[in-house]
Amino acid sequence: MMDDESLKKYVLELIIKEKNNFRVADFNRHLFDDIDFVCEAINIDPFLYKEVSERLKNDRCLAMLAVKNASFVLQDMPEKFKSDKAIVMMAVQQSGNALMYAPKEFQDNEEIVLAAIKNNPRALEYASQRLRNDKEIVRKAIKKEPSTLKYASERLRDNYEFVRDAAEVGYRALNYASDRLRDNIGLLIETILFENNTFSSSEKKSFSLKKENVLKYASERFKDNWTLYRANKKCLEGLFYLSCHIENFQNLPKEIFMNESLLDLALRIVKDGLKKVSIDDYKKEAVEYVHENIKARFKKYGIKAEIPEIDLDNLDDIKEAEDYPLDITPF
């Protein structure tokens with residue numbers, strides 16, 4: 001018969017040998033009420049935490065050690081430790097998905113949820129409805145993994161600007177947009193333009209239309225419908241050339257002016273282009289040219305819009321793209 005020290009050594013060797021498959025037996029169960037032995041055992045196999053005595057399960061230091069080694073041990077802990085913010089924080093920092101075992105109060109805690117997302121953006125799935133409806137929190141997850149849009153609230157998945165920003169991080173996010181947005185030609189075209197890096201490129205001189213992977217995530221109406229997609233080729237090409245040079249606004253096809261989302265996209269490209277014009281004299285010329293062109297085209301197609309005059313001698317007020325004063329009334 002082995003003495004306790006020999007038994008401890010023997011059992012620890014078994015735990016190393018049979019890691020994750022070790023089973024506690026009657027002859028060694030008393031060892032799991034020995035703090036020194038249990039600490040060594042948990043350092044080898046933290047999932048043995050569930051085998052420790054009730055007395056040691058109430059030891060906070062042991063709980064911290066177990067979580068530090070394997071965050072999912074949180075699920076086997078007494079409720080008082082599941083409600084311990086420091087223990088839960090340590091768990092989600094080790095593995096974001098441990099958030100699934102946290103109580104609701106911590107699934108609704110911004111600090112805990114952000115720590116979980118930092119480790120694993122897919123932990124957003126286990127956040128509260130309130131936080132899955134929080135733009136800033138969801139953006140942090142999407143920035144690391146675009147497909148986490150699937151865990152966002154219905155409201156965010158149906159928000160054009162939010163989904164567009166997500167698709168710019170990775171177009172696969174479109175797969176998780178609302179049905180309404182997956183059927184929006186403006187969003188699809190904008191995503192394709194971004195995927196072709198047209199927003200930041202002024203070097204490209206020609207555009208070749210391809211059947212983009214983006215279409216895989218569109219609605220059934222667009223998916224695999226090359227004929228329908230080609231029908232929008234003029235719009236796509238027009239916006240491409242506009243992104244290369246804002247003075248191409250005069251060449252945009254009529255179809256863009258007849259579609260609210262495409263016109264909004266064109267105006268945003270213009271705003272972005274004006275922001276990038278750096279030479280003062282040329283900037284003044286470009287602003288005047290585009291401004292007059294916009295008014296002329298709007299008048300031609302009967303579009304109602306509030307287009308205030310611009311003080312061309314003081315362009316400081318349009319240093320930011322959003323400051324370009326074009327307030328389009330609803331169609």
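Here the structure is a predicted model, which is why all the values come from computation and not from measurement.
When the side chain to side chain donor-acceptor pair (under 3.5 Å) test is applied to N69, the partners found at least two apart in sequence or on another chain are N43. Every residue meeting the side chain to side chain contact (heavy atoms under 4.5 Å, CB included) condition with A141, not counting sequence neighbours, appears here in chain and number order: I117, P121, L124, T148.
Distance alone, capped at 3.5 Å, places no donor-acceptor pair between the K57 side chain and the M77 backbone. At distances below 3.5 Å, at least one donor-acceptor pair connects side-chain atoms of R157 with backbone N or O atoms of A152. Side-chain atoms of Y101 do not come within 3.5 Å of backbone N or O of F72 as any donor-acceptor pair. Under the 3.5 Å distance criterion, the side-chain polar atoms of E145 are left unmatched by any main-chain donor or acceptor of I142. Put simply, the side chain of N119 gets close to the backbone of Q93: a donor and an acceptor are under 3.5 Å apart.
Tested against L131 for a side chain to side chain contact (heavy atoms under 4.5 Å, CB included), the candidates V138, N109, V113 yield a single pass: V113.
Pairs engaging residues 81-91 under the side-chain hydrogen bond (donor to acceptor under 3.5 Å, both in side chains) rule: R60-D84, K85-E111 [sequence neighbours left out].
Between E125 and R122 there is no salt bridge, since none of the side-chain N atoms of the basic residue sits less than 4.0 Å from a carboxylate O of the acidic one. In summary, R132 and E154 do not engage in a salt bridge, as defined by a charged side-chain N under 4.0 Å from a carboxylate O. Using a 4.0 Å cut-off between a side-chain N of Lys or Arg and a carboxylate O of Asp or Glu, D134 and R139 do not qualify as a salt bridge.
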